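I have placed the structure first, in the form of structure tokens, so that the comments after it can refer back to it.
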Amino acid sequence: MSDSHCTNSRFESARGMNFKWVRRVPDKQTLARTAADEVLQLSNAAIDERGVFRVALGGGSTPRGMYELLSDSMAARFDRWHFYWGDERCVPSDHTDSNFLLAQQTLLGRIPLLDHQIHRVRTEIGHPGEVASDYEDELRRSFDCSKGGIPRFDLLLLGLGADGHTASLFPKSAALNETSCLVTATQADLPQSDRITLTLPVINEARAVIFTVAGSGKASALQAVLKGLGKPQDFPARLVVPRDGTVLWVADEAALGSSRGEA
Ligand code: 6PG
């Protein structure tokens with residue numbers, strides 16, 4: 001069985017343990033509030049049970065409103081939170097495309113935290129492979145997994161790209177098949193193509209995953225993921241199947257379209 005932060009059992013995907021819900025919300029504002037409330041609930045339950053809440057933040061633009069609401073929350077026990085990233089662009093941490101900068105401006109810079117609570121991806125230390133390896137070392141140190149095993153996040157916050165990617169796991173990329181590293185370097189077809197990302201064994205070891213998806217541009221990818229259309233490698237978010245954890249999709253009407261968002 002897993003200890004509080006690190007699972008040492010061999011990673012096996014035991015389907016059937018995964019519970020997936022879809023929360024349909026009318027708009028982005030309600031999405032932010034709904035997701036923030038879910039994060040708060042999970043954080044306080046984790047702190048009650050294990051004394052700490054370890055969350056991997058998502059990138060892109062969708063999480064902005066949720067982070068801002070969390071920063072204003074009176075219910076959050078931030079002194080017990082540890083912040084990580086599910087993926088990062090290989091840019092300086094003050095670059096407008098940095099996922100760290102998004103979190104710093106909307107959440108971390110607005111709440112009382114000690115340095116050791118923020119586990120930033122050190123993109124400045126070298127090329128993407130070195131950045132990925134350095135972050136893997138940080139995860140192993142922080143989760144006490146230095147002798148092997150897989151860090152078990154209390155929560156992973158993920159988004160969905162219009163092409164079905166999540167974190168920086170892009171369709172048909174070699175990163176989808178990475179099972180020995182916790183973190184790997186990868187490339188996007190988008191601007192800021194060099195990235196690092198948590199690999200699927202880490203993502204699927206999480207106790208909980210919350211996807212936040214907004215806008216009609218995501219509708220076809222969301223439909224493919226929720227309904228299991230196409231090949232999983234073409235829609236990497238479909239490969240997020242925690243072996244012993246929950247998945248919650250918070251999506252607005254524009255992204256869910258007319259289709260019911262049944263899980
Ligand atoms: C990133 C993210 C990525 C993002 C989706 C959705 O670094 O870009 O991790 O997976 O969540 O691309 O991005 P938007 O929220 O901007 O639509």
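Remember, it's a predicted structure, so these values are computed and weren't measured experimentally. Ligands are counted one by one from 1 in listed order, and the atoms in each one are counted from 1 as well.
Of all atoms in ligand 1, listed by their number and element, those nearer than 4.0 Å to a heavy atom of His165 are 3 (C), 5 (C), 10 (O), 12 (O). Every atom of ligand 1 is numbered from 1 in the order shown, and the set under 4.0 Å from a heavy atom of Asp87 is 1 (C), 2 (C), 7 (O), 9 (O). Atoms of ligand 1 found under 4.0 Å from any heavy atom of Gly159, numbered from 1 in the order shown, are 11 (O). Here is the list of ligand 1 atoms found below 4.0 Å of a heavy atom in Lys218: 6 (C), 14 (P), 17 (O).
Proximity of a side-chain donor or acceptor of Thr30 to a complementary backbone N or O of Val25 within less than 3.5 Å is not detected.
Applying side chain to side chain donor-acceptor pair (under 3.5 Å) to Ser168 and the options Thr186, Thr197, Asp87 leaves one that passes, Asp87.
For the pair Arg54 and Tyr84, the cation-pi test (distance below 6.0 Å, angle within 45°) is failed.
Of the protein's heavy atoms, Gly59 O, 4.0 Å lies nearest to atom 4 (C) of ligand 1. For atom 8 (O) of ligand 1, the closest non-hydrogen atom on the protein side is Arg89 NH2, 2.8 Å. Of the protein's non-hydrogen atoms, the one nearest atom 6 (C) of ligand 1 is Leu160 O, 3.5 Å. Regarding atom 13 (O) of ligand 1, its nearest protein heavy-atom neighbour is Gly60 CA, 3.9 Å.
For Asp234, the salt bridge (charged side-chain N to carboxylate O under 4.0 Å, His left out) partners two or more places apart in sequence, or in a different chain, are Lys172. Partners of Ile111 under the side chain to side chain contact (heavy atoms under 4.5 Å, CB included) rule, at least two apart in sequence or in another chain, are Ser71, Phe78, Phe83, Leu107, Leu113.
Only the side chain of Asn99 comes within contact range of ligand 1, with a heavy atom under 4.0 Å; no backbone atom does.
Under a 4.0 Å heavy-atom criterion, Glu88 is not in contact with ligand 1. Residue contact annotation: Ala167 has a non-hydrogen atom under 4.0 Å from ligand 1.
In terms of hydrophobic clustering, with Ile, Leu, Val, Met, Phe, Trp and Tyr side chains grouped at heavy-atom distances under 4.5 Å, Leu69 and Val39 are assigned to different clusters.
The line from CD1 of Ile150 to CG of Leu182 is 7.0 Å long, rounded to the nearest 0.5 Å.
Residue Thr166 has no N or O atom closer than 3.5 Å to an N or O atom of ligand 1. At under 3.5 Å, a nitrogen or oxygen of Thr62, whether backbone or side chain, sits near a nitrogen or oxygen of ligand 1.
Heavy-atom minimum distance, Tyr135 versus His119: OH-O, 2.8 Å.
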